[in-house]
Each structure stands twice: as structure tokens, then as C-alpha cells.
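The structure appears below as C-alpha cells.
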Amino acid sequence: MSSVGSPPAFRRPASSVRRATVGALVASLAGGLLAVLPAATAQAAPTLLSQGKTATASSTEGTTYAASAAVDGNLTGTRWASQWTDAQWVQVDLGQSATLSRALLSWEAAYGKSYEIQASDNGTDWRTVTTVTGGDGGTDDVTLSGTGRYVRMNGLTRGTGYGYSLWEFQVYGSTDGGGPTLPGGGDLGPNVHVLDPSTPNIQAKLDQVFQAQESAQFGAGRHAFLLKPGTYNGLNAQIGFYTQIAGLGLRPGDTTINGNVTVDAGWFNGNATQNFWRGAEGLTLNPVNGTNRWAVSQASSFRRMHVKGGLNLAPNGYGWASGGYIANSKVDGQIGNYSQQQWYTRESSIGGWSNSVWNQTFSGVEGAPATSFPEPRYTTLDTTPISREKPYLYLDGNEYKVFAPAKRVNARGTSWANGTPQGESVPLSQFYVVKPGATAATINQALAQGLNLLFTPGIYHVDQTINVNRANTIVLGLGLATIIPDNGVTAMKVADVDGVRLAGFLIDAGPVNSSTLLELGPQNSGADHAANPTTVQDVYIRIGGAGAGKATTSMVVNSDDAIIDHTWVWRADHGEGWGWETNRADYGVRVNGDDVLATGLFVEHFNKYDVEWYGERGRTIFYQNEKAYDAPNQAAIQNGSTKGYAAYRVNDSVDTHEAWGLGSYCNYNVDPTIVQDHGFKAPVKPNVKFHSLLVVSLGGMGHYNHVINDTGASTIPAGTSTVPSTVVSFP
């Protein structure tokens with residue numbers, strides 16, 4: 001990605017690393033800000049605390065010299081380099097408070113002649129631990145004494161005409177003074193209902209939870225039904241809000257229901273457009289009467305399912321339905337799309353597909369209809385370029401494990417068609433099982449210990465950011481576990497490390513504005529994760545609806561190579577705590593990283609841009625959007641000389657981008673005279689390509705002048721009829 005305003009990233013020859021004699025002056029510590037501990041109180045031998053943790057810097061010389069390179073453990077292969085001025089710094093978040101003992105700074109040819117090592121408890125208020133003068137490059141071994149969570153090299157004077165450049169910034173100390181070690185594993189809490197075929201009254205329990213959750217769109221209940229391997233006869237599992245049903249087998253065939261897993265819309269008079277936040281995974285169904293009904297809209301996933309029959313995606317009576325997602329599933333019979341306005345199906349096998357309303361997109365699906373957009377409105381890719389399935393809980397004998405599926409390239413069909421899927425099993429003992437009442441401090445302590453996270457169904461308020469700093473960490477939610485950031489913090493940040501997997505939870509904005517809600521990688525991330533990307537799957541973000549919430553930008557993707565696989569990022573248009581300023585949220589998803597892939601991207605109702613893409617070689621397969629219903633007037637959405645903010649904008653600096661199957665809809669019901677100039681905006685360049693685009697005016701409540709840039713017909717001639725304006729390819 002481009003680094004605006006940065007000097008050219010010149011590569012200079014590296015000096016040989018040598019041991020420098022450093023004059024370390026321990027600064028006077030006024031006011032007792034730093035706790036200096038006598039040697040007798042030491043709890044453990046110093047360990048390396050900084051490697052792989054989140055690092056940030058005052059500047060970078062270029063995108064290949066990100067702060068993360070100073071803590072990645074690659075001594076002479078990668079480095080952080082600043083711009084060519086004094087007063088530059090690089091800092092590392094250790095994840096929790098530590099007793100500091102030593103810092104090792106491995107300088108490249110551009111070194112610091114004088115600098116401070118500083119510590120902080122909050123990343124804002126800094127105290128100087130040690131001042132170094134007379135540095136001459138090479139390797140500086142600096143003794144530290146004190147505590148802090150954040151440690152910074154604050155450069156004062158450069159040793160050369162270049163900037164400051166560190167191969168590695170290593171901080172040593174101990175963290176065992178912060179309380180007892182947290183245990184891994186344990187029971188799954190009261191909201192996880194583990195069943196086996198001999199469990200009495202299964203249908204009654206399913207019905208009891210459904211009765212509580214059927215219309216509880218913004219309620220506090222959270223539930224997961226986990227079915228042990230075996231055969232269950234005569235069940236109709238009706239799935240309401242914040243309810244997950246899943247088999248505990250490694251393969252879908254391990255757990256069979258002779259019956260149905262049903263979603264319908266009786267609670268909303270046959271309208272399925274608000275059937276959100278639920279999921280079904282890892283089951284084989286023999287549906288009664290041959291067809292299973294799954295009438296859902298956003299944030300409702302259907303994964304690793306085998307339906308030995310047909311699948312009906314419409315509610316009883318064929319009322320409205322507004323989109324959903326199937327992945328890694330097999331449906332022997334036909335999928336009846338019927339009234340579904342849009343749908344994305346990935347890496348599955350189906351017996352057929354009926355009807356296309358606006359936007360039905362397929363990638364890597366055996367039996368999918370061929371591309372025929374704009375009529376019928378099918379967009380089909382033979383394979384998915386890169387994928388890695390969502391991790392899931394299963395039973396290995398009597399032991400719970402989480403299966404982490406392997407990455408697939410140019411994938412087609414299910415990952416389990418030929419037997420056991422490829423991947424890695426992680427024992428539950430390596431997870432901190434998070435239960436309602438857990439604090440952010442405890443969650444971060446578990447992460448710092450090296451544990452993964454399994455959030456049980458519940459609502460979790462966090463007063464500090466959850467920091468996922470270790471490569472290959474799994475954060476898995478059950479039953480739509482919900483994280484609410486308090487006091488305007490970011491709910492979760494992921495370091496620029498390999499292979500983090502986030503899956504199965506909801507982030508709900510708090511009433512105090514958060515600048516961001518989810519961040520993948522710090523600003524200026526630049527590490528290559530192509531071999532082992534970070535994945536975000538069935539992770540949903542909500543601003544308002546359950547109560548007033550605010551966030552400037554919901555999701556920021558800074559890391560390269562990330563995969564965003566099925567997300568709904570939603571600024572609420574109904575419920576509680578919504579209105580043009582009440583749940584203000586200007587931006588939905590911003591992608592700064594290169595080579596990011598989105599499969600199943602749903603982003604709606606933001607005050608300005610819903611999606612902005614700055615990284616190179618980005619790809620999106622299926623995008624669904626609605627513009628903000630509640631814009632009060634044309635002036636409120638005026639974007640300079642442009643009418644309205646695009647639903648999906650690729651920045652003018654981008655040279656390569658490609659997307660398939662994108663739709664944007666407007667329903668300006670406060671002021672139906674509002675006009676958008678276009679739904680999509682992108683630079684006109686040979687390698688910026690769009691396929692199968694459409695815009696729709698819902699009932700004539702506002703209109704689009706064009707589909708993308710100045711291309712595509714206006715929706716105004718359609719009047720109040722919901723007839724899409726389409727563009728087959730752009731440019």
C-alpha cells in the first residue's frame with residue numbers, strides 16, 4: 001500500500017552487528033511513577049516479552065519497514081525504519097504489565113546516538129526508565145528496572161543522516177507477579193446445551209429456548225445447542241435469535257437429525273428480512289417431507305451442513321427475505337431461492353438452484369448455475385481463490401477439541417467430501433473458556449499466557465481493548481457471544497502476526513464513541529501472511545439497535561492477506577438507540593492491507609462510506625449493501641460536489657482490484673427526494689475490474705443516477721418499482 005508523504009524507501013547496506021558499550025544513565029523517577037523493585041522480590045528469570053506483540057511507531061520510511069518488523073524475531077531480515085528526522089519512536093504493547101529487566105536494541109546502519117527507554121501503563125502517560133547517550137550502533141544491551149505494559153524507544157538524536165532503524169527491539173522481564181495462572185479448559189457454562197441421543201425431552205428444551213428467542217431481536221439471551229455424535233429422531237429444531245445449533249462430530253455425517261432445523265418468520269407476519277444472528281453447523285439432516293426451511297437474512301450462517309433433500313430459503317407464504325450465506329455444505333436436492341433478494345454460496349455441492357431476484361453469487365459450488373447476469377442474475381466463479389474454513393468445537397472421544405481447518409487454494413466443493421478434513425486439532429485445555437462476568441483484564445491475561453479464547457454464550461462488557469498478539473491464536477464464540485466496548489475503547493485488536501482466527505461472535509458498539517471496533521493489524525502493517533492469513537468468519541458488528549451506540553469506523557483491516565469470510569457490519573435502522581446522530585457511524589469497513597479477500601461481505605447504513613478500499617490487489621466475492629435509510633435530507637449526504645457517498649469505494653491510488661456480484665439499495669424513507677450519484681466508485685484503470693453490479697431503489701424512496709462512477713442507467717425511470725439498474729462489467 002502507498003505511504004503518503006513518506007520519503008522513498010531506500011535500502012542501505014547493513015552494518016555488522018557488534019556489541020556496543022553503552023553509557024546508561026538511570027533517570028530520576030519523581031513521584032514514585034515507576035516501581036523500582038529490589039532483586040530479592042524477583043519472581044522468575046527474565047523472559048523475552050516483546051516478540052510478536054503489537055508494535056507502533058511515530059513514522060515509517062516505507063510500508064516494508066513497519067513497526068511490527070522490530071518485534072518479529074527476524075534479526076537481520078526485517079527491520080523498522082523511521083523517517084529521516086529526530087524525535088522518532090517505536091513502542092511495543094506487552095499485553096499486560098510486566099516487571100522490566102532488560103532491553104536489547106539491534107541497530108541497522110541508521111542508529112540512535114541518544115535515546116530514552118520509556119514505560120507506560122496505558123500507552124499515553126510515559127515515564128523515562130533509562131537514557132542512553134553516546135550510542136555508536138551495533139547492539140545495545142540496556143538494563144531496565146521498573147514496571148510497565150508499554151515500552152518505547154524514544155529517539156532523541158540520530159547517529160546518521162538517515163532515520164532510526166532497528167532490526168529488533170527486544171524487551172525482557174517477567175509477568176508472573178500479576179496473579180495466579182489462569183486455567184485452560186473447563187465446563188462450557190449454563191448457556192451451552194450439550195445433548196446426546198439419550199438426553200430426555202430434547203424437543204421440549206429446543207422449544208423452550210425458541211419461545212424465548214423467536215422474537216427477541218435485541219434481547220440478552222444467548223444459547224448454543226451442541227449435539228454429540230449419533231442419530232436424533234423426530235426433532236424440529238426451530239432456531240431463533242442468538243441461537244446456534246451444531247454437531248460435535250469432526251464431520252457432518254457424525255451427527256444426524258431425522259427431522260428439521262428450521263427458521264421461519266411467523267413472528268414477523270411472514271417477513272424474513274429481520275431473521276438475523278443465528279447459525280447451524282456440522283449436521284446431517286433428513287428433513288421431514290423432503291425439504292428443510294432456512295428463511296434467514298443477514299448474520300445467519302449455514303456451514304458444514306448435509307441436507308439429504310431440498311432446502312427452502314423463503315418463509316412460509318413466500319414473503320420477503322433478504323440474503324444469507326451457505327458454505328462448505330452439501331444439499332442433495334434443489335435449493336429453492338424463491339423470494340430471497342440476494343444470497344452467497346461458497347464451496348458447496350448442490351442439486352440445483354431456482355430463481356434469481358437481484359444478486360445470487362456462487363464460488364467453488366458444484367451444481368451451481370452458470371453466470372448469466374443480468375438475467376437470470378447469477379454470478380458464478382468456478383473456484384474460490386483462497387479459503388480456510390471456520391474453526392469449530394468437536395468431541396474426540398470424551399475430550400473437547402477445536403478443529404482449525406487448513407487453507408485451501410482454488411477450492412471447489414466441500415472440504416469433507418473425501419472423509420476427514422485437513423487441519424489441526426487444538427485441545428480445549430489450550431483455551432481460556434470465557435464466561436459471563438469475565439473482565440477484559442482477565443481475558444488479556446489469558447491471551448498473554450498463550451491461551452486461545454472460547455467465548456461461551458453471553459454478553460461481555462470490556463473496559464479495555466482485547467489484544468490478540470500471538471500468531472495462530474483462535475478466538476471462537478458460541479451462541480453469538482457479544483462483546484460491548486465501554487468508555488469508547490476498541491473492542492479487539494489483532495497484531496500483525498500470522499494465522500489468527502476470529503469466528504462466531506458479535507461486537508456491539510457502546511454509547512461512548514469508539515474510533516474503531518475491530519482492528520486487524522496496527523497502522524502501516526506490512527508483514528507477508530500469504531502462507532498463513534488471519535481470518536474473520538461469522539464475526540458481526542452492530543452500531544445501535546440494542547441501544548445507542550457509536551463508532552467512527554467499525555472494522556479496519558491493516559494486515560496484508562487477511563480473509564474476511566461472512567460478516568455483517570450494520571448501523572441499525574430500527575430497534576432502540578438509532579437515528580442519524582444517535583448511532584452515528586461514518587464508515588463501515590476500511591481496508592488498508594494488500595491482498596485482502598472478502599467472501600460474503602454485508603455492510604449497511606453508514607453515514608458516509610460503507611466500504612473503502614486502499615490496499616492493492618483486493619478482491620470481493622459478493623457484496624450486499626443498503627444506504628442509510630434515515631438521512632434527513634440531500635445536504636446531509638453531500639460529499640463535496642458528489643451527491644452521496646458510494647456504498648463501495650476503491651481509492652484512486654489503487655492499481656489492482658477485482659470484485660464480483662455487488663449490489664447497493666437505497667430506501668431514503670425520511671426524504672424520498674434524495675439522489676445518489678452512484679452506488680460504486682473506482683478509478684478507471686485496466687486492472688481495476690468489477691463484474692455483475694446493480695443498484696436498486698426500494699419503492700422509489702430515493703434514487704441512483706448511475707451504478708458505478710458515471711456508468712449505468714439511473715433508477716429514476718423505474719419509479720416506485722424495484723427494478724435494478726445493472727452493469728455487467730466495468731470498465
Side-chain angles (χ1 to χ4, degrees), residues 1-4 6 9 60 62-69 72 74 77-78 346-347 363-364 381-390 405-411 468 471-472 493-502 518-537 539 555-567 569 588-601 603 611-623 648-662 682-683 685-691:
M1 69 206 108
S2 300
S3 180
V4 178
S6 297
T60 62
T63 57
T64 57
Y65 306 111
S68 58
D72 64 1
N74 190 342
T78 60
R346 179 179 65 73
E347 285 152 70
S363 66
L381 286 73
D382 189 59
T383 63
T384 306
I386 303 168
S387 69
R388 191 173 64 191
E389 297 301 334
K390 177 184 174 183
K407 189 183 79 168
R408 304 172 76 197
V409 177
N410 296 324
V468 183
N472 301 310
K493 293 183 179 180
V494 177
D496 191 28
V497 295
D498 275 356
V500 171
R501 303 171 192 243
L502 309 181
L518 175 63
E519 293 184 21
L520 305 184
Q523 189 176 4
N524 295 320
S525 294
D528 183 354
H529 306 297
N532 187 12
T534 285
T535 52
V536 179
Q537 299 174 291
V539 172
M555 182 189 300
V556 179
V557 182
N558 291 317
S559 288
D560 294 346
D561 307 296
I563 299 173
I564 312 301
D565 176 43
H566 191 223
T567 186
V569 182
V589 176
R590 179 173 293 153
V591 179
N592 297 316
D594 294 336
D595 301 294
V596 173
L597 171 66
T599 52
L601 184 60
V603 187
V611 170
E612 293 182 285
W613 212 293
Y614 293 88
E616 286 289 351
R617 297 175 300 281
R619 290 176 288 186
T620 295
I621 305 173
F622 183 87
Y623 175 66
Y648 186 109
R649 181 180 78 88
V650 179
N651 195 58
D652 287 346
S653 63
V654 173
D655 292 323
T656 302
H657 187 92
E658 194 160 12
W660 298 261
L662 296 87
K685 298 179 180 178
N687 291 320
V688 176
K689 302 175 183 178
F690 287 80
H691 313 272

Distance-minimising heavy-atom pair for D72 and N74: OD1-N, 3.0 Å
Quick one: does any side-chain atom of D560 pair with a main-chain N or O of D594 as donor and acceptor, under 3.5 Å? yes
Hey, what do you get for CG (L381) to CD (E347), rounding to the nearest 0.5 Å? 11.0 Å
When rounded to the nearest 0.5 angstrom, what distance separates CD1 in I563 from OG1 in T384? 10.0 Å
Nearest 0.5 angstrom please: I621 CD1 to L597 CG, how far? 5.5 Å
Less than 4.5 Å apart, side chain to side chain, heavy atoms only: is that true for L662 and F690? yes
Can you list the residues that meet the side chain to side chain donor-acceptor pair (under 3.5 Å) rule with D595, with sequence neighbours excluded? R617
Stepwise, does the side-chain hydrogen bond (donor to acceptor under 3.5 Å, both in side chains) test hold for N532 with D561? CA-CA 8 Å; N532 187 12; D561 307 296; over 6 Å; no
Can you confirm whether the side chains of E616 and H657 place a donor and an acceptor under 3.5 Å from each other? no
Please check if any side-chain donor atom of R388 sits under 3.5 Å from a side-chain acceptor atom of T535, or the reverse. yes
Hey, what do you get for CZ (R619) to CH2 (W613), rounding to the nearest 0.5 Å? 10.0 Å
Side chain to side chain contact (heavy atoms under 4.5 Å, CB included) evaluation trace for F622 with T599: CA-CA 6 Å; F622 183 87; T599 52; over 6 Å; no
Is there a side-chain contact between P405 and R501 (heavy atoms, below 4.5 Å)? yes
A side-chain contact here means heavy atoms from C-beta on lying under 4.5 Å apart; do L518 and L502 qualify? yes
I want to check something: taking the side chain as every heavy atom from C-beta on, are P683 and V650 in contact at a cut-off of under 4.5 Å? yes
Contacts of H529 that satisfy ring-ring contact (aromatic ring centres under 6.0 Å, His included) - sequence neighbours left out: none
Is there a salt bridge (charged side-chain N to carboxylate O under 4.0 Å, His left out) between K407 and E389? Walk through the geometry before answering. CA-CA 8 Å; K407 189 183 79 168; E389 297 301 334; over 6 Å; no
Closest non-hydrogen atom pair between T383 and S363, with its separation: O-CB, 4.0 Å
H566 and Q537, any side-chain heavy atoms less than 4.5 Å apart: no
Any side-chain donor-acceptor pair under 3.5 Å between N592 and N558? yes
Smallest heavy-atom separation, G521 atom then S559 atom, equals CA-OG, 3.4 Å
Close side-chain approach of N687 to D655, heavy-atom, < 4.5 Å: no
Can you tell me if Y648 and T620 form a side-chain donor-acceptor pair at under 3.5 Å? yes
Testing the basics here: between S68 and D496, what is the closest heavy-atom pair and its distance to 0.1 Å? OG-OD2, 3.4 Å
Is the closest side-chain heavy-atom distance between L520 and V556 below 4.5 Å? no
Please check if the side chain of K685 supplies one atom and the backbone of D652 the other of a donor-acceptor pair under 3.5 Å. yes
So does V654 get a backbone contact from the side chain of N651, meaning a donor-acceptor N/O pair under 3.5 Å? no
Has the side chain of S525 got a donor or acceptor atom that lies under 3.5 Å from a matching backbone atom of P522? yes
Is there side-chain contact between E519 and M555, with at least one heavy-atom pair below 4.5 Å? no
Hey, what do you get for CG (L601) to OG1 (T567), rounding to the nearest 0.5 Å? 7.0 Å
Stepwise, does the side chain to side chain contact (heavy atoms under 4.5 Å, CB included) test hold for D565 with V536? CA-CA 6 Å; D565 176 43; V536 179; over 6 Å; no
Would R590 and E612 pass as an ion pair if we require N to O under 4.0 Å? yes
